[in-house]
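Note that these values count all heavy atoms, side chains included, but never hydrogens, waters or copies made by symmetry.
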Amino acid sequence: MNNKMSETLYWEKGTLFLLDQLELPSKVVYRKCKTYTDVIKAIKNMIVRGAPAIGVSAAYGMVLAGTKAAKLSSTEKIKFIKKVSEEMIQARPTAVNLKWAVDKMCVVVESSLKLNPENFVAVLESAANEIYDEDIECNKIMADFGARLLKKNSVVLTHCNAGALATAGYGTALGMIRTGYKNGKIKKVFVDETRPYLQGARLTAWELQQEKIPYTLITDNMAGYIMKTEKIDAVIVGADRIASNGDVANKIGTYSLSILAKYHKIPFYVVAPSSTIDFSTLYGTKIKIEERSAEEVLKINGKEIAPKGTQVRHPGFDITPASNITMIITEKGVFKPNKISTLKKIK
């Protein structure tokens, strides 16, 4: 993932370019976002996905909103930006990095209008670039912390996609796997296909193939059997939101994996930046779970796989309790889940 044609997103001449993750792995296509509404649609439709990548995209979306508001008075600017921020946050409500990035940009808006109003848009652009750079740096730090927890030649299992495609670059869970492989800590990766949107099959397998990291793709319902019959040394996943008590919201299916890992006495690691921790939410049961379109379950690549009229439930995420998690790995260090709230003091 080292060249522009495989970056998750990039900003160029006032336009946000997003790698269309619905087209992978068959095509590498970039979508242009010239307005903040383009960014909101891309987030909603999962052209860009993964909590950190959503957050970074939203930051640039706020730059585009600032461009739209450039000729308004200061009072009107603040009113307009507040409206856009509310719309942006609702695009994917479970991913806390989205709200974190939007809130951060709103603070920049207010300070810029007080201190540097004539360079309003440039200040916003600089802030978004900083969020982008910080995300990549955080990922590399987390990856190093996480890789140290693994023994040599480990076989690991991962779910969904928490790689470079889910971030500004490098990855969270997959970043740990990349660094682990480079350091001789990982021999092989089992990849859950991750129904219903197949992010594991389409995206994680693609990233591992690009990196030449040995992997085997499995369906989600094979995970228990693989844990029983193969020597799995760790399960490594990302997170979309972490509650103050260490409960984790992540892609649907993560909770099931945590139960299987606990039964088979396999370490279960969550890798996520500190911006994913929602200190205002005390428990995972308080996290709003996004219910996505039934069509995503009823169809694969546009082809219907169930009878017409079938009723569907499609929660996009589930909650893994802190008691099922071995460690949470952040750029601030490695924490037992019940100690993650101590991070609040050093943020």
Side-chain angles (χ1 to χ4, degrees), residues 1-2 4 6-12 16-19 33 39 42-43 48-66 85 88-89 91-92 95-112 116 119 121-147 161-179 207 238-242 270-280 328-335 340 342-347:
M1 309 286 294
N2 295 319
K4 182 163 285 189
S6 57
E7 284 181 350
T8 309
L9 58 97
Y10 65 94
W11 177 259
E12 192 173 89
L16 177 64
F17 292 81
L18 296 174
L19 178 61
C33 294
V39 178
I43 292 171
V48 61
R49 29 71 50 203
I54 288 171
V56 175
S57 299
Y60 284 113
M62 296 303 286
V63 180
L64 293 168
S85 69
M88 193 77 70
I89 289 167
R92 296 292 304 277
V96 76
N97 297 70
L98 173 55
K99 185 177 186 304
W100 171 85
V102 169
D103 287 349
K104 197 166 184 176
M105 293 298 286
C106 285
V107 171
V108 172
V109 167
E110 292 188 9
S111 62
S112 172
N116 199 0
N119 292 319
V121 176
V123 171
L124 285 180
E125 186 174 335
S126 177
N129 288 338
E130 191 174 309
I131 289 172
Y132 176 97
D133 292 338
E134 282 179 0
D135 184 63
I136 296 174
E137 184 60 27
C138 281
N139 291 343
K140 291 179 178 178
I141 293 169
M142 287 187 288
D144 187 54
F145 281 142
N161 173 266
L165 292 170
T167 65
Y170 205 76
T172 56
L174 211 55
M176 174 175 164
I177 289 170
R178 292 171 74 179
T179 295
E207 283 198 51
D240 286 84
R241 186 181 296 240
I242 301 173
V270 174
V271 190
S274 59
S275 57
T276 303
I277 304 166
D278 181 3
F279 294 107
S280 67
I328 297 176
I329 301 152
T330 77
E331 81 282 7
K332 306 285 187 184
V334 179
F335 298 84
I340 199 69
T342 61
L343 254 178
K344 191 173 184 179
K345 298 174 184 177
I346 57 176
K347 276 177 74 73

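By the ring pair (Phe, Tyr, Trp, His ring centres under 6.0 Å) test, F145 is found to be paired with no residue, residues two or more places apart in sequence or in another chain being considered. Residues that satisfy the side chain to side chain contact (heavy atoms under 4.5 Å, CB included) test with V108, not counting sequence neighbours, are V123, L124, A127. Remark: T167 pairs with N139 by the side chain to side chain donor-acceptor pair (under 3.5 Å) rule, at least two apart or across chains. The salt bridge (charged side-chain N to carboxylate O under 4.0 Å, His left out) test applied to E130 returns no partner, not counting sequence neighbours. For R92, the side chain to side chain donor-acceptor pair (under 3.5 Å) test picks out E290, with sequence neighbours left out. Scanning for ring pair (Phe, Tyr, Trp, His ring centres under 6.0 Å) contacts around Y132 gives an empty result, with sequence neighbours left out. Judged as a salt bridge (charged side-chain N to carboxylate O under 4.0 Å, His left out), and not counting sequence neighbours, the contacts of R241 are D278. The side chain to side chain contact (heavy atoms under 4.5 Å, CB included) search around L64 returns W11, Y36, V39, not counting sequence neighbours. With sequence neighbours left out, A51 forms a side chain to side chain contact (heavy atoms under 4.5 Å, CB included) with A95, N97, D240. Contacts of A143 classified as side chain to side chain contact (heavy atoms under 4.5 Å, CB included), with partners at least two apart in sequence or in another chain: Y170, T179.
Of all non-hydrogen atoms in V121 and G66, the two that sit nearest each other are CG2-O, 3.8 Å. I329 and M142 make their closest contact through CG2-O, 3.5 Å (heavy atoms, listed as atom of the first residue, atom of the second, distance). Heavy-atom minimum distance, L16 versus S57: CD2-O, 3.9 Å. Among all heavy-atom pairs drawn from P52 and T172, the shortest one is CG-CG2, 4.3 Å. In this structure, A53 and T8 approach most closely via the heavy-atom pair CB-CG2, 4.3 Å. The two residues A173 and G238 have their closest heavy-atom pair at CB-N, 3.7 Å.
To the nearest 0.5 Å, the span separating NZ on K99 from OG on S280 amounts to 6.5 Å. Here the straight-line distance linking atom CD1 of I340 with atom CD1 of I277 works out to 4.0 Å at 0.5 Å rounding. Distance check, rounded to the nearest 0.5 Å: CG of L98 to OG of S275 gives 11.5 Å. Atom OG of S274 sits about 9.5 Å away from atom CD1 of I242, to the nearest 0.5 Å.
R178 places no side-chain N or O within donor-acceptor distance of the main-chain N or O of G163, the cut-off being under 3.5 Å. A donor-acceptor contact shorter than 3.5 Å is absent between the side chain of E7 and the backbone of G169. The main-chain N or O of A122 is never found under 3.5 Å from a side-chain atom of S126 such that the two would form a donor-acceptor pair. A donor-acceptor distance shorter than 3.5 angstrom exists from the side chain of E207 to the backbone of A164, with no hydrogens or angles considered. No donor-acceptor distance shorter than 3.5 angstrom exists from the side chain of S85 to the backbone of V102, with no hydrogens or angles considered.
Side-chain contact between I89 and D103 is present, with at least one heavy-atom pair separated by less than 4.5 Å. Between R49 and L165 the shortest side-chain heavy-atom distance falls below 4.5 Å. Counting heavy atoms from C-beta outward, P273 and T276 have side chains that approach closer than 4.5 Å.
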(Q) Between L19 and Y10, is the side-chain contact (heavy atoms from CB on, under 4.5 Å) condition met? List the steps. (A) CA-CA 9 Å; L19 178 61; Y10 65 94; over 6 Å; no
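A salt bridge (charged side-chain N to carboxylate O under 4.0 Å, His left out) check over residues 133-145, counting only residues at least two apart or in different chains, returns the pairs K104-E134, D144-R148.
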